[in-house]
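Read through the structure below, which is laid out as structure tokens, and then see the notes.
Since we're looking at a predicted model, the values are computed, not measured. Convention: sequence-line order gives letters A, B, ...; per-chain numbering from 1.
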There are 2 protein chains.
Amino acid sequence: MIGTPRMRLSEKTKAHRADELADKLSTAGLRVTQARLALAHLLFGQGDRHVTADALREEALAAGLKISQATVYNTLNQFHAAGLLRQVQVDQARSYFDTNIDAHHHFYVEEEARLIDIAAQEVDVARLPDSPKGYDVDRVEVIIRLDKSPKA
Amino acid sequence: MIGTPRMRLSEKTKAHRADELADKLSTAGLRVTQARLALAHLLFGQGDRHVTADALREEALAAGLKISQATVYNTLNQFHAAGLLRQVQVDQARSYFDTNIDAHHHFYVEEEARLIDIAAQEVDVARLPDSPKGYDVDRVEVIIRLDKSPKA
DNA sequence: AATTCACTTTAGAATCATTCTAACCCAATT
DNA sequence: AATTGGGTTAGAATGATTCTAAAGTGAATT
Ligand SMILES: [Mn+2]
Ligand SMILES: [Mn+2]
Ligand SMILES: [Zn+2]
Ligand SMILES: [Zn+2]
């Protein structure tokens, strides 16, 4: 399996140019529309993020964008289906969309509804059981649930 | 930390007697009521299970029990709060309640909405990152997502 | 530049799991 | 048997997500 090519820091850090994002959409087989570009800018323009649909909606509104809730959901689902986003399921109430699609794991702080990335190489899953007959491993997820330390 | 004492196979396999279940509830600090006993019988009377609220509701109805949806939810949440059930979050749509409260992991077959237990010793998580300052590990969950093997 | 057409966006309704409310019910105690 | 403090319930409410069907837009074609 070939990993996503690493970007140079300068590319990864600065805001993506519009044509970079447009390329990203086209390459993923999605038409380049205003709504998708605007949301892609919010999602991919500032490093790895974990967002809920509603949080992204509020960001869009705060940024003065006129984008409906349905479009936010449509876009997140399309980006996910196209492999531009990963969906993370840690909370009963809502789902998170992760802009980091490389293999990695998560801390989850339930009290703060906050996800924190763990690089794949930070966790060593040394041994896994065989999959049941007729099934293949799609993905191995490690979720480390955290509590706030009690005040000493 | 002291683990739950293992039962002999004969005890674990056969249906629990009513007084065993009543003890289980009392010990957990829950009053022994008809509804709780009946649901405990369905949940704990047949080995380890992963159930959704709705599935349990249907089982109860099929068994001729007169139990409302609200009571199913109340009871599952109370059993969970009392430590008799674990809640497993793998699917965006609904949550699962797991009668196996020992440390263990899961396979999840999304296509079939089915959870399969993995004994803790079947997975070797050899190395974990340090928790962020001010937070402690509550639980480490490993979820192996499975796909059906393509037909050869 | 106008036309076309498939795809996109949208407001609002619908869905569905879960929770809440407030009235009745029952287990435990006296 | 009366009291009382949960427990149970029907039905309403909530909240995330999806659906509908109508209006808008991107890309290709005249
Ligand atoms: Mn897959
Ligand atoms: Mn805890
Ligand atoms: Zn992540
Ligand atoms: Zn389990």
Side-chain angles (χ1 to χ4, degrees), chain A residues 18-19 21-42 50-61 64-82 84-85 87-97 110 113, chain B residues 18-19 21-42 50-61 64-82 84-85 87-97 110 113:
Chain A
D19 60 304
L21 292 174
D23 274 3
K24 186 164 182 143
L25 297 182
S26 313
T27 302
L30 296 168
R31 266 166 62 165
V32 180
T33 65
Q34 294 185 171
R36 286 180 185 150
L37 264 184
L39 291 177
H41 180 72
L42 291 178
H50 305 100
V51 297
T52 61
D54 195 55
L56 182 59
R57 175 106 206 283
E58 284 178 4
E59 251 183 69
L61 293 182
L65 301 170
K66 187 185 143 290
I67 293 187
S68 71
Q69 186 186 45
T71 297
V72 172
Y73 275 102
N74 287 341
T75 301
L76 286 172
N77 288 332
Q78 290 152 0
F79 283 12
H80 174 237
L84 301 179
L85 289 176
Q87 199 162 5
V88 180
Q89 202 52 46
V90 286
D91 184 300
Q92 163 186 16
R94 58 194 154 273
S95 50
Y96 289 85
F97 291 88
E110 190 167 348
Chain B
D19 61 304
L21 291 174
D23 273 5
K24 186 164 182 144
L25 297 182
S26 313
T27 301
L30 296 168
R31 266 166 62 164
V32 180
T33 65
Q34 293 184 172
R36 286 181 185 150
L37 263 185
L39 291 177
H41 180 72
L42 292 178
H50 306 100
V51 297
T52 61
D54 195 55
L56 183 59
R57 175 104 207 284
E58 284 179 3
E59 251 182 70
L61 293 181
L65 301 170
K66 187 184 144 291
I67 293 186
S68 72
Q69 187 186 44
T71 298
V72 171
Y73 276 101
N74 287 342
T75 302
L76 286 172
N77 287 333
Q78 289 152 359
F79 283 11
H80 174 237
L84 301 180
L85 289 175
Q87 199 163 4
V88 181
Q89 201 52 47
V90 285
D91 183 301
Q92 162 185 18
R94 60 194 146 273
S95 50
Y96 289 85
F97 291 87
E110 190 166 349

Does Ala93(B) or Arg36(A) map to a spot on DNA chain C nearer the 5' end, using the closest nucleotide for each?
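The residue closer to the strand's 5' end, by nearest nucleotide, is Arg36(A).
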Could you run down the sub-3.5 Å N/O contacts of the protein with nucleotides 19-21 of chain C?
unit_1, atom_1, unit_2, atom_2, d
dT19(C), OP2, Asn77(B), ND2, 3.0

Whole-Å distance separating the [atom1] atom of [X] from the [atom2] atom of [N]:
X	N	atom1	atom2	value
Ile67(B)	dG7(D)	CD1	P	15 Å
Leu65(A)	dT9(C)	CG	P	13 Å
Asp91(A)	dA17(C)	CG	P	17 Å
Leu56(A)	dA16(D)	CG	P	15 Å
Leu25(B)	dG7(D)	CG	C1'	13 Å
Leu39(A)	dT10(C)	CG	C1'	14 Å
Leu37(A)	dG26(D)	CG	C1'	12 Å
Gln78(B)	dG6(D)	CD	P	12 Å

List the atom of [X], the atom of [Y], and the distance in Å for their closest heavy-atom pair.
X	Y	answer
Ser26(B)	Val32(B)	OG-CG2, 3.5 Å
Thr71(B)	Ala35(B)	CG2-CB, 3.8 Å
Ala53(B)	Val72(B)	O-CG1, 3.5 Å
Leu37(B)	Leu25(B)	N-CD1, 4.1 Å
Ala82(A)	Leu30(A)	CB-CD1, 4.1 Å

Look up atom CG in Leu56(A) and atom CZ in Phe97(A), then write down how far apart they are to the nearest 0.5 Å.
9.5 Å
Straight-line distance of Thr52(A) OG1 to Arg57(A) CZ, nearest 0.5 Å
12.0 Å
Any side-chain to backbone donor/acceptor pair from Tyr96(A) onto Asp91(A)? Under 3.5 Å, distance only.
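Side chain of Tyr96(A) to backbone of Asp91(A), a donor-acceptor pair under 3.5 Å: no, none is there.
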Any donor-acceptor pair under 3.5 Å linking the side chain of Arg36(A) with the backbone of Arg31(A)?
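Answer holds: yes.
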Five pairs at each end of the helix from dA1(C)-dT30(D) to dT30(C)-dA1(D): take the axis at both ends and give me the angle between them to 10°.
20°
May I ask you to verify if any side-chain N or O of [X] is less than 4.0 angstrom from the OP1 or OP2 atom of [N]?
X	N	value
Ser68(A)	dT10(C)	yes
Arg94(B)	dC16(C)	no
Ser95(B)	dT18(C)	yes

Check each residue of residues 27-35 of chain A for a non-hydrogen atom within less than 4.0 Å of any atom in DNA chain C, then write out the ones that pass by number, or none.
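When residues 27-35 of chain A is checked for heavy atoms under 4.0 Å from DNA chain C, the hits, listed by number, are Arg31(A), Thr33(A), Ala35(A).
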5'-most by nearest nucleotide on DNA chain D - Asp54(A) or Val72(B):
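Final value for this comparison: Val72(B).
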Gln87(A) atom CD, neighbour heavy-atom count above 12 within 6.0 Å:
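Yes, the 6.0 Å shell around CD holds more than 12 heavy atoms from other groups.
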Derivation of the side-chain contact (heavy atoms from CB on, under 4.5 Å) call for Val51(B) and Leu42(B):
CA-CA 10 Å; Val51(B) 297; Leu42(B) 292 178; over 6 Å; no
Could you check Leu84(A) against Lys24(A) for side-chain contact (heavy atoms from CB on, under 4.5 Å), going step by step and ending with a plain yes or no?
CA-CA 9 Å; Leu84(A) 301 179; Lys24(A) 186 164 182 143; 4.0 Å; yes
